[in-house]
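A short worksheet on the structure shown next.
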There are 2 protein chains.
Amino acid sequence: MRINLGNDPLSSKTEVETVISKIRDLIINRQLEPGDKLPSERALSNKFDASRSQLRLAIQKLEFYGLVKRYPKSGTFVSKIGVGALNSMMANILHLQTPDFKSLVETRLILETKAVKLAAMRRTEKQLYQIEKAHEAYIKKSINGQDALDEDLLFHLKVAEASCNSVINSLMLVITPEIITNFVTKKICDAQNFSSLIKEHQDIVNAIKNNDPDEAIKSLKIHFKDLYNYCHTN
Amino acid sequence: MRINLGNDPLSSKTEVETVISKIRDLIINRQLEPGDKLPSERALSNKFDASRSQLRLAIQKLEFYGLVKRYPKSGTFVSKIGVGALNSMMANILHLQTPDFKSLVETRLILETKAVKLAAMRRTEKQLYQIEKAHEAYIKKSINGQDALDEDLLFHLKVAEASCNSVINSLMLVITPEIITNFVTKKICDAQNFSSLIKEHQDIVNAIKNNDPDEAIKSLKIHFKDLYNYCHTN
DNA sequence: ATGTTTAAATTGGTCAACCAAATTGGTTAA
DNA sequence: TTAACCAATTTGGTTGACCAATTTAAACAT
């Protein structure tokens, strides 16, 4: 798993991509139909003249995107998705580029806006407590004039958790660190005084506490005003 | 990479989770600080009494979520994220469950609503052409009374591509197959006559063609009316 | 013929040995 | 004293051999 957001961790990428490309060709040429069993890893690695390791990495990537399904000791099967869609998705996977920061931020805004709304609707008492705890830690660090980036991150993660939507939570987990690392270099958020930032967080907490989805969204949009501007300008 | 949406493809999951858990302990106990270099894979596999393969899988998963960063021939480093956030994210990763269908659909609605809006704003001529082509294929299959699920999928993927947001596109790629497989079993969409479905698609295409974001969103919401109901009821 | 048992072959998963690149430390020459 | 070089060590990456579960088909009894 990883949603490969472009940062490919391992392997001579080109080799894996070659293998994926060849598998795609098999599907396009109808030598391999949706639902079919793939040839064994050994057979394929031989046929493609690639090592089994590289072939496994390729299959792992395909499985991550749900295009094939592995059954241990039994075989790997092409998902029952239309040939056109399979082809298109594989093309997409092959072209995956390291994501531009603007896309990242834009997506974060979407997800977190929804997360904060859902959190206001569904949060349990325990989740609310965790959010409040994170918020307090943020305050504590912040009023000492220290950099509270970590506490800020934790706060937002806890909100995502409280959305009670496992997929949103997962996606936030994936894109958040990417954003963090970019944040250090770019510095979008202008230096507000910390007390206003604390208030913005507090408004979000209150809205979630009061089960007020609309207010929660409104508060978040104020908090992310700079980010919105960053996305919508140029 | 994969966004692990819960479907863990390989490996004695428990073993990997044990390793991740132990690495988390190292961080909690401050034996490993953000930015630090991890001990070598060999050293860790020895220390944790796990095979190096399993340890690599664990690190791969952590890297996928951006919690560590690998540098070939040089070492693996803990991301410079606060200890609290690291801990929380690792806990999340460990608890990741196979996503419930409702979360999946809910997230799809969010992403695709945004995607369709952005597509209406940013689509290139080429992307528009691809969408139209997919739509025509859908029509062709549909008026013959055949099942056009695949063409439908391809249509929506092309819309996501036209959003010109690489992250949204990636995320859609990840969650879409999961939805498809669930769709077959559950059958949420009631059997509309195909002509109304075609018209709904056509409205979306037109809105994107006319660069009318609001109309695009409106059309999509009509098209996904059943899905919305599915999410908001019960 | 047919159904059942059993053994051989095939499967994806795992592992320990190996590889080349990168780092490191010491040595040497300026 | 400093800078440059070289070799030994350490690194993550890769590989081919091995494993156990599964599937297959052949052998056998009915």
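These figures come from a predicted structure and were not determined experimentally. Chain A is the first sequence line, chain B the second, and so forth, proteins listed ahead of strands; every chain is numbered from 1.
- OP1 or OP2 of dT11(D) has not a single side-chain nitrogen or oxygen of R70(B) nearer than 4.0 Å.
- Spacing between atom CG of N46(B) and atom P of dT11(D) amounts to 12 Å, rounded to whole angstrom units.
- Each of S74(A) and K73(B) lies near DNA chain D, and the nucleotide nearest K73(B) is the one positioned closer to the 5' end.
- Below 30°, between 30° and 60°, or above 60°: for Y71(B) and F77(B) the angle between ring planes is above 60°, a perpendicular geometry.
- By the 6.0 Å contact criterion, CG on N144(B) is enclosed, its count of non-hydrogen atoms from other residues, nucleotides or ligands being greater than 12.
- Rounded to an integer number of Å, the gap from CD of Q60(B) to C1' of dT14(D) is 14 Å.
- Side-chain N/O atoms of R42(A) and base N/O atoms of dG16(D) include no donor-acceptor pair closer than 3.5 Å.
- The ring of H156(B) has its center closer than 6.0 angstrom to the ring center of F224(B).
- Atom OH in Y71(A) sits roughly 12 Å away from atom P in dT23(D) (whole-Å rounding).
- Summarising the geometry, the separation between CG on L38(B) and C1' on dT11(D) is reported as 13 Å, rounded to the nearest angstrom.
- For the side-chain hydrogen bond (donor to acceptor under 3.5 Å, both in side chains) with E151(A), the lone residue among Q146(A), H201(A), K141(A) that qualifies is K141(A).
- One can place CZ of R52(A) at 7 Å from C1' of dG12(C), the figure rounded to the nearest angstrom.
- Going from atom CZ of F77(A) over to atom P of dT10(C) covers 16 Å, rounded to whole Å.
- Among the protein residues, S53(B) comes within range of the nucleic acid bases, having at least one heavy atom under 4.0 Å from a base atom.
- Residue E15(B) contributes atom CD, which lies 16 Å from atom P of dG13(C) at whole-angstrom precision.
- For dG13(D), the OP1/OP2 oxygens have no side-chain nitrogen or oxygen of Q54(A) closer than 4.0 Å.
- Per the geometry, CZ belonging to R56(A) stands 14 Å off C1' belonging to dA17(D), to the nearest Å.
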